[in-house]
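Please read the structure below before turning to the comments.
Worth saying up front: this structure is predicted, and the values here are computed from it rather than measured.
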Amino acid sequence: TTNCFPMILISGSSEREIVDLQQGDYEEMDQLAVAKTMCKAAYRVLHAQDIGIGLARAIRSAVSGRPGGVYLDLPAKLFGQVMGAEAGAKSLLKVIDAAPAQIPSPAAVDRAIDLLKGAKKPLIILGKGAAYAQADEEIRAFVENSGIPFLPMSMAKGLLPDTHPQSAGAARSTALKDADVVLLVGARLNWLLSHGKGKTWGDKPKQFIQVDIEPREMDSNVEIKAPLVGDIGSVIAALNARIDGSWQAPPAEWVETIRSKKEANIAKMAPKLLKNSVPMDFHSALGALKNVIKERPDAILVNEGANTLDLARGIIDMYQPRKRLDVGTWGVMGIGMGFAVAAAVESGQPVIAVEGDSAFGFSGMEVETICRYNLPVCIVILNNNGVYRGDEKNLAGGTDPSPMVFVKGARYDRMMEAFGGVGVQASTPAQLRAAMEEAIRSRRPTLVNAIIDEGAGTESGRITALNPTAKKK
């Protein structure tokens with residue numbers, strides 16, 4: 001629900017009368033009550049003839065407005081009920097117009113257009129909501145016809161290619177700090193965007209335009225000068241209708257600032273990505289991954305970890321929409337293998353799951369599922385023997401290792417081999433790239449254990465800075 005995924009979970013539950021009196025049934029839990037605290041909606045079906053109604057309500061709740069998770073509870077007694085086939089067929093509903101268009105008001109569109117026309121340094125931020133909306137052509141038309149630089153959030157990457165001339169991805173810091181008018185399209189001003197304030201956004205005043213289907217999202221962190229409430233397709237279509245012959249492109253100085261900063265950062269990064277050191281560091285390993293994704297833009301990239309996630313977001317370019325899945329709004333570790341399985345089953349396309357060794361540990365046994373169903377998933381574990389890095393010392397003393405350090409030299413590749421998949425250990429970028437290319441070609445379940453320098457990682461999130469006694473660098 002936090003990620004706005006339209007997912008329906010259907011579950012059986014214990015006998016109501018036992019649960020309600022807390023008499024100790026098998027797996028006794030008031031599941032509906034728990035689900036209501038976390039889901040967009042939660043329903044219980046008590047009678048077989050209401051299953052169709054329950055499913056219809058769940059579908060509408062999941063996909064209408066801001067999408068979210070829905071829980072459908074089926075108590076034990078329901079399963080013993082009997083219906084005739086004809087009555088059962090009649091009880092099922094065809095869900096019509098489950099996610100109707102929500103058109104923005106003309107006045108809201110006017111406010112947004114006026115702000116954009118007055119901007120000296122406009123910026124468009126595309127969030128994962130923009131990718132989910134599947135209004136790809138409308139969004140591309142607006143970005144290109146307006147001439148405004150755009151910055152994609154991680155799961156919006158590929159909505160327009162990261163190599164697009166208007167992409168400000170490689171100049172993110174400059175774009176956020178210097179922009180004066182920011183148009184948010186399906187993006188929220190949460191922690192991923194520093195809540196719209198602080199040093200990330202610089203000292204210059206900002207004016208925000210926000211496109212969101214949920215009106216309560218507006219003003220959640222900063223003032224939204226021009227709220228555009230509606231579905232993204234309808235809103236962007238309305239904005240496109242206002243890009244006419246009188247529209248003026250952003251000032252050339254602003255466009256050039258973004259372009260030059262982007263080119264400088266790309267040039268600075270290039271030698272790191274081409275480095276051929278043994279063992280690899282994160283940059284040289286991700287450089288190999290970057291090239292494989294460029295050759296196979298149809299592949300779906302799943303990504304989680306600390307350094308593995310933080311660096312991959314910026315290094316690996318995406319070329320097609322909805323081809324990148326990562327930890328999402330709350331940064332939850334452990335989603336990688338589940339996402340990889342689902343992506344492979346749903347799309348039939350090759351899936352590349354780029355995992356930190358710590359992140360992989362949360363759900364690594366799903367390699368058995370991948371092998372059991374012979375899914376075209378290539379898992380790449382960037383293995384540096386620990387959380388952040390593998391050379392930490394136990395500051396408490398004694399013989400135990402640091403809690404941040406894993407078993408050195410762990411052979412994750414042999415886990416995959418144990419279930420009948422292909423396991424490869426790679427020590428160089430060339431070995432890593434060759435293993436991935438073969439995995440994609442063969443479509444066999446593959447795990448590449450990519451050996452990374454254990455001292456290469458850095459702390460993610462600057463947690464140490466919260467300690468007032470920590471040494472300041």
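With contacts defined as side-chain heavy-atom distances shorter than 4.5 Å, the pair Cys378/Val448 qualifies.
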Please evaluate residues Glu223 and Gln207 with respect to the criterion side-chain contact (heavy atoms from CB on, under 4.5 Å), reporting the C-alpha separation (whole Å), side-chain torsions for both, the decisive distance (0.1 Å), and the verdict.
CA-CA 8 Å; Glu223 180 184 11; Gln207 297 187 94; over 6 Å; no
Between Tyr412 and Phe360, is the ring-ring contact (aromatic ring centres under 6.0 Å, His included) condition met? List the steps.
CA-CA 10 Å; Tyr412 296 105; Phe360 177 74; 5.7 Å; yes
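For the pair Asn303 (side chain) and Glu355 (backbone), a donor-acceptor distance under 3.5 Å is absent. Remark: side-chain polar atoms of Arg433 are not paired, donor with acceptor, to backbone N or O of Ala288 under 3.5 angstrom. Side-chain N or O atoms of Ser363 include one that pairs as donor or acceptor with a backbone N or O of Gly334 at under 3.5 Å. In this structure, the side chain of Glu304 engages the main chain of Gly336 through a donor-acceptor pair within 3.5 Å. With hydrogens and angles disregarded, no donor-acceptor distance shorter than 3.5 Å links the side chain of Lys157 to the backbone of Arg322.
Of all heavy-atom pairs spanning Ile452 and Ala456, the tightest one is CG2-CB, 4.2 Å. Between Ile258 and Ala168, the shortest heavy-atom contact is CG2-CB, 3.8 Å. Listed here is the closest heavy atom pair of Thr2 and Arg188: O-NH2, 2.7 Å.
Here the straight-line distance linking atom CD of Glu454 with atom CG of Asp391 works out to 5.5 Å at 0.5 Å rounding. The distance from atom CG of Leu116 to atom CG of Leu239, rounded to the nearest 0.5 Å, is 7.5 Å.
Lys294 NZ: 12 or fewer foreign heavy atoms inside a 6.0 Å radius.
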